[in-house]
Amino acid sequence: MFPKVLTTNNPSFVPMALSSSSSSLASTLPHDFNPQKLSFLSTLQTCKSIQGLKQIHASSIKTMPSPDTQLTISTRLSALCAQSLPIDPRYALPLLAQLRTPNLPLYNAIIRGLATSNNDSIEGLVVYKQMLSKGIVPDNYTIPFVLKACAESRAVREGEEVHGQAIKMGLASDVYVSNTLMRMYAVCDVIRSARKVFDSSPQRDLVSWTTMIQGYVKMGFAREGVGLFFEMCGENLQADGMTLVIVLSACARLGDLRLGRKLHRYVIRNSNVNLDVFVGNALVDMYLKCGDANFARKVFQEMPIKNVVSWNSMISGLAQKGEFKESLYMFRKMQRLGVKPDDVTLVAVLNSCANLGVLELGKWVHAYLDRNQIRADGFIGNALVDMYAKCGSIDQACWVFQAMNRKDVYSYTAMIVGLAMHGQGGKALDLFSEMPKMGIEPDEVTFVGVLTACSHVGLVEEGRKYFEDMSTIYNLRPQLEHYGCMVDLLGRAGLINEAEEFIRNMPIEPDAFVLGALLGACKIHGKVELGESVMKKIEKIEPRKDGAYVLMSNIYSSANRWRDSLKLRKAMKERNLEKTPGCSSIELDGVIHEFQKGDKSHPKTKEIYKLLDGSRAI
DNA sequence: TTAGGGTTAG
């Protein structure tokens with residue numbers, strides 16, 4: 001049942017001190033230390049540091065090899081180890097092998113040390129198993145440590161076994177045990193079991209409620225988490241900052257501003273909640289996700305202490321709201337104040353750069369990564385690929401993508417969509433065919449890229465097949481975007497009737513984008529009457545869709561129906577439907593300047609022209 | 001010697 005990763009006689013666990021020469025350690029021994037004297041044991045008793053004891057231990061192995069003396073030393077050492085938590089299991093484990101009598105505190109200390117280590121948590125279970133095999137009975141300290149090890153290593157089956165043992169030993173009613181049980185189940189995504197433990201706990205404290213609430217929120221049941229919070233309030237239990245951070249994050253997920261304001265009032269009124277940097281960050285994040293960027297700014301400005309997460313919440317929150325310029329402005333401010341950005345900051349900044357087309361700042365982030373020896377991998381690598389692709393540097397995007405060690409579905413998708421947008425459909429499809437070999441499953445967005453690639457290259461049959469494969473092979477339900485891509489694919493290829501038929505057979509109502517794709521096909525192939533009927537449908541669904549009016553007016557003018565074209569433009573004006581102007585932005589001296597098509601009003605226009613060498617129109 | 005916290009891409 002328990003994985004055999006570690007054994008106490010594993011040579012890798014021989015303590016450093018034991019393999020070192022005793023002469024090099026002699027200088028740090030107590031000055032009156034003489035292992036040959038009878039006072040040796042009393043020296044040992046008065047030695048308070050593990051380091052000193054380790055040295056005595058190492059020295060005594062050579063000078064006093066008597067088993068009894070060794071045992072005395074080991075016992076004393078183990079007691080000290082158990083007192084200084086967490087301990088290095090690599091040193092403490094061999095001691096266990098030397099002890100004649102079982103030592104529960106030392107086992108507890110070792111299991112805790114392993115459970116809290118990043119890579120060795122599963123070994124905590126192995127040591128626990130060894131402990132049981134030696135007939136040592138765990139106590140109310142052991143079980144939480146073992147359960148923590150289970151949670152960290154996602155070992156739910158082992159956790160269930162420990163649960164059973166805790167019940168048998170009468171430890172399951174201990175509030176620490178039940179709380180760690182809940183956490184173990186919640187971390188392992190077994191929310192029902194967590195709830196069962198919660199419901200059956202004879203004693204529930206704030207940690208019990210908070211753990212259960214967090215379990216719900218992490219599993220995506222934010223509403224249930226919030227519900228439990230109010231249930232807790234109903235039992236007259238006062239929440240603290242930790243609880244509020246979790247409930248605020250649930251509220252952010254729900255995007256419920258009313259609830260968010262209610263929670264903010266709770267924070268202000270409740271003396272139990274300390275408005276520290278954690279609660280402040282959670283409030284900023286909540287306000288942004290609930291759509292009140294101004295209040296988020298206010299909370300942010302009033303925070304007496306901010307950390308990098310506070311800045312990240314603002315920068316990424318604004319970017320998620322589509323306020324990319326504001327997001328970059330925040331980043332500039334953060335830099336001016338000398339706050340060091342982290343991965344999260346840079347991902348958000350790259351995202352804003354990608355959406356604004358600000359290549360220069362994007363390049364700066366890339367150079368920053370190089371300067372700080374941060375590998376462009378994972379989240380950062382994906383954001384960099386996306387930024388380069390969206391800013392028109394598809395070759396740079398490919399270069400970053402190729403250099404990445406850890407590629408996932410997001411990396412492939414960013415690259416496929418980028419290539420498709422740049423008219424390199426063939427390369428995009430080649431990359432898609434590479435995904436199964438790399439063991440990476442495509443998702444819905446990958447297929448948007450794949451279908452766009454087919455559409456741009458005119459691969460009708462391939463496009464049809466990929467569309468079919470979505471549901472038959474990959475178990476993905478096509479969304480409106482995919483239907484839009486298919487209509488575009490068929491329409492561009494001149495298969496207008498089939499495109500119409502395709503729309504008629506859609507299992508979901510077509511939106512303005514799907515119909516817009518058909519309208520685009522009418523423009524390419526000069527289908528005026530069909531265009532008119534499609535336009536009528538679009539007007540019904542989205543009466544203010546300016547792009548469709550412009551397209552229809554162009555269909556008229558292409559067919560030399562100038563009067564109709566002008567009539568439509570006039571109707572647009574009457575309805576106050578101005579065509580959304582083309583827009584570009586440029587960074588100059590660290591400031592993002594946005595220009596609309598034909599706009600020469602910006603005071604920096606002349607400078608920009610000079611910068612662009614007059615070769616590109618703004 | 002024991003349990004619960006925020007920000008991350010198409």
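All figures in this text were calculated on a predicted structure; none of them were measured in a lab. Just so we're on the same page: letters track the sequence lines, and every chain starts at 1.
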Length of the line joining A:Tyr216:OH and B:dG4:C1', which is rounded to integer Å: 16 Å
By ring-ring contact (aromatic ring centres under 6.0 Å, His included) - contacts of A:Tyr388 (at least two apart): A:His366
A:Ser208 (side chain) and B:dG4 (base): donor-acceptor pair under 3.5 Å: no
DNA chain B contacts among residues 383-396 of chain A, heavy-atom distance under 4.0 Å: A:Asp386, A:Lys390
Between A:Tyr474 and A:Phe447, ring centroids under 6.0 Å: yes
With sequence neighbours excluded, residues passing side-chain contact (heavy atoms from CB on, under 4.5 Å) with A:Ile268: A:His264
Distance, rounded to the nearest Å, where A:Asp139 contributes CG and B:dT1 contributes C1': 9 Å
Nucleotide of B:dT7, B:dA3, B:dG4 approaching A:Asp205 most closely (side-chain heavy atoms): B:dA3
Candidate nucleotides B:dG5, B:dA9, B:dT7, ranked by approach to the side chain of A:Gln214 - the nearest: B:dG5
A:Tyr410 ring over B:dG10 six-membered base ring, under 5.5 Å and 30°: no
Touch class at under 4.0 angstrom, heavy-atom based, for A:Leu206 against every strand present: base
Residue pair A:Phe401, A:Tyr412: steps toward the ring pair (Phe, Tyr, Trp, His ring centres under 6.0 Å) verdict: CA-CA 8 Å; A:Phe401 176 80; A:Tyr412 273 89; 5.1 Å; yes
Spacing of A:Asn351 atom CG relative to B:dG10 atom C1', expressed in whole Å: 9 Å
N or O in side chain of A:Lys407 less than 4.0 angstrom from B:dA9 OP1/OP2: no
Euclidean distance, atom CE of residue A:Met404 to atom C1' of B:dA9 [Å, nearest integer]: 10 Å
Closest listed nucleotide, where the reference is the side chain of A:Arg112 and the choices are B:dT8, B:dG4, B:dT2: B:dT2
Side chain of A:Tyr176 - closest among B:dT8, B:dT2, B:dT1: B:dT2
Sugar-phosphate, base or nothing in reach of A:Val409, heavy atoms under 4.0 Å: base
For A:Phe379, ring-ring contact (aromatic ring centres under 6.0 Å, His included) partners two or more places apart: none
Contacts of A:Phe513 that satisfy ring-ring contact (aromatic ring centres under 6.0 Å, His included) - sequence neighbours left out: none
Criterion side chain to side chain donor-acceptor pair (under 3.5 Å) on A:Asn382 and A:Asp408, from CA distance to verdict: CA-CA 9 Å; A:Asn382 295 345; A:Asp408 59 11; 3.2 Å; yes
Touch class at under 4.0 angstrom, heavy-atom based, for A:Gln320 against every strand present: sugar-phosphate
Spacing between A:His163 atom NE2 and B:dA3 atom P, to the nearest angstrom: 19 Å
Euclidean distance, atom CZ of residue A:Phe278 to atom C1' of B:dG5 [Å, nearest integer]: 6 Å
Ring-face cation contact, A:Tyr368 with A:Lys363, 6.0 Å cut, 45° max: no
A:Lys298 charged N/C atom sitting above A:Phe295 aromatic ring, 6.0 Å / 45°: yes
Whole angstrom value for the distance that separates C1' of B:dA9 from CD1 of A:Ile416: 15 Å
Any side-chain heavy-atom pair of A:Val277 and A:Lys306 under 4.5 Å: no
Aromatic ring of A:Tyr141 stacked on base six-ring of B:dT1, 5.5 Å, 30°: yes
Sugar-phosphate, base or nothing in reach of A:Ser178, heavy atoms under 4.0 Å: nothing
Check: B:dG4 base within 3.5 Å donor-acceptor of A:Thr210 side chain: yes
Close residues, residues 180-194 of chain A, relative to DNA chain B [heavy-atom separation under 4.0 Å]: A:Thr180, A:Arg183
Touch class at under 4.0 angstrom, heavy-atom based, for A:Val417 against every strand present: nothing
Phosphate OP1/OP2 of B:dG4: any A:Lys148 side-chain N/O under 4.0 Å: yes
Nearest-neighbour nucleotide for the A:Phe145 side chain, B:dT2, B:dT7, B:dG4 considered: B:dT2
Under the side-chain contact (heavy atoms from CB on, under 4.5 Å) test, residues paired with A:Asn179 that sit two or more places apart: A:Val175, A:Met182, A:Asp205, A:Val207, A:Ser208
Within residues 224-241 of chain A, residues whose heavy atoms come under 4.0 Å of DNA chain B: A:Asp240, A:Gly241
Selection: residues 291-307 of chain A, any non-hydrogen atom under 4.0 Å of DNA chain B: A:Asn307
Proximity to the side chain of A:Val347 - top-ranked nucleotide from B:dG10, B:dA9, B:dA3: B:dA9
Qualifying ring pair (Phe, Tyr, Trp, His ring centres under 6.0 Å) pairs with a residue from residues 190-211 of chain A, counting only residues at least two apart or across chains: A:Phe198-A:Trp209
Touch class at under 4.0 angstrom, heavy-atom based, for A:Asp276 against every strand present: base
Residues forming a side-chain contact (heavy atoms from CB on, under 4.5 Å) with A:Phe278, sequence neighbours excluded: A:Val245, A:Asp276
Exceeds 12 heavy-atom contacts within 6.0 angstrom, atom CG of A:Asn475: no
Rounded interatomic separation in angstrom, taking CE from A:Met212 and C1' from B:dG5: 17 Å
Contacts of A:Tyr185 that satisfy ring-ring contact (aromatic ring centres under 6.0 Å, His included) - sequence neighbours left out: A:His163
Centroid separation A:Phe230 to A:Tyr266 less than 6.0 Å: no
